[in-house]
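A short worksheet on the structure shown next.
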Amino acid sequence: MPLGHFEGQRARSDAQPHRYELSWSPANAPLQACRCELRFQDWADQHYSFRCPAHQLLDWLMQTVEAGRQDLPDSFWQWLLLEQIGEEGSP
């Protein structure tokens, strides 16, 4: 986690992958919230800002490294779409 950013690409079955960069603020404790920002390289104006516990971010990054992938795990994308982005649209 000391690097503060991760560059990856999300595979798509029908087209070129989405390239993205995830950056985050440092955290001193596992339960401390990290401020994160996800930017898609091909769409500079499209980005998502969110917070998540440092231990959760570390878990997603470790899953990525252990799998030898260039993409964050599906659990990250599900969390981002269902938990975080869904809350923004709620009244």
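Because only heavy atoms are used, hydrogens play no part in the values below, and waters and symmetry mates are left out as well, while side chains stay in. The shown structure was predicted, so the numbers you read here are calculated from the model rather than taken from an experiment. Start at 1 with the first residue, then count along the sequence.
With rounding to the nearest 0.5 angstrom, the CZ atom of R35 is 10.5 Å from the OG atom of S23. Here Q63 contributes atom CD and L58 contributes atom CG; the two are 10.5 Å apart, rounded to the nearest 0.5 Å. Taking CH2 of W24 as the reference point, atom SG of C36 lies at 8.0 Å (rounded to 0.5 Å).
Residues satisfying the ring-ring contact (aromatic ring centres under 6.0 Å, His included) test with Y20, not counting sequence neighbours, are W77.
Environment of CZ in R69: crowded, with over 12 heavy atoms of neighbouring residues, nucleotides or ligands closer than 6.0 Å. Other residues, nucleotides and ligands contribute at most 12 non-hydrogen atoms within 6.0 Å of the CD atom of Q70.
Proximity of F40 to Y48: side-chain heavy atoms (C-beta onward) are separated by under 4.5 Å at one or more points. In this structure the side chain of L61 reaches within 4.5 angstrom of the side chain of L72, judged on heavy atoms. A heavy-atom distance below 4.5 Å is found between the side chains of R19 and D42. Annotation: side chain of R39 is not in contact with side chain of Q41 (no heavy-atom distance under 4.5 Å). Side-chain atoms of F50 and L38, non-hydrogen and from C-beta on, do get closer than 4.5 Å to each other.
The main-chain N or O of C52 is never found under 3.5 Å from a side-chain atom of Q56 such that the two would form a donor-acceptor pair.
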- Message: Under the criterion side-chain contact (heavy atoms from CB on, under 4.5 Å), I'd like the reasoning laid out for H55 against L31: C-alpha separation, chi angles, the key distance, then a yes or no.
- Response: CA-CA 6 Å; H55 71 87; L31 294 177; 3.8 Å; yes
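A11 and D71 make their closest contact through N-OD2, 4.4 Å (heavy atoms, listed as atom of the first residue, atom of the second, distance). Nearest approach of A54 to A27, heavy atoms of both residues: CB-CB, 3.6 Å.
For Q78 and D74, the side-chain atoms include no donor-acceptor pair closer than 3.5 Å. Side chains of E37 and S49: a donor-acceptor N/O pair is present below 3.5 angstrom, by distance only.
Ring-centre distance between W60 and F6: not below the 6.0 Å cut-off.
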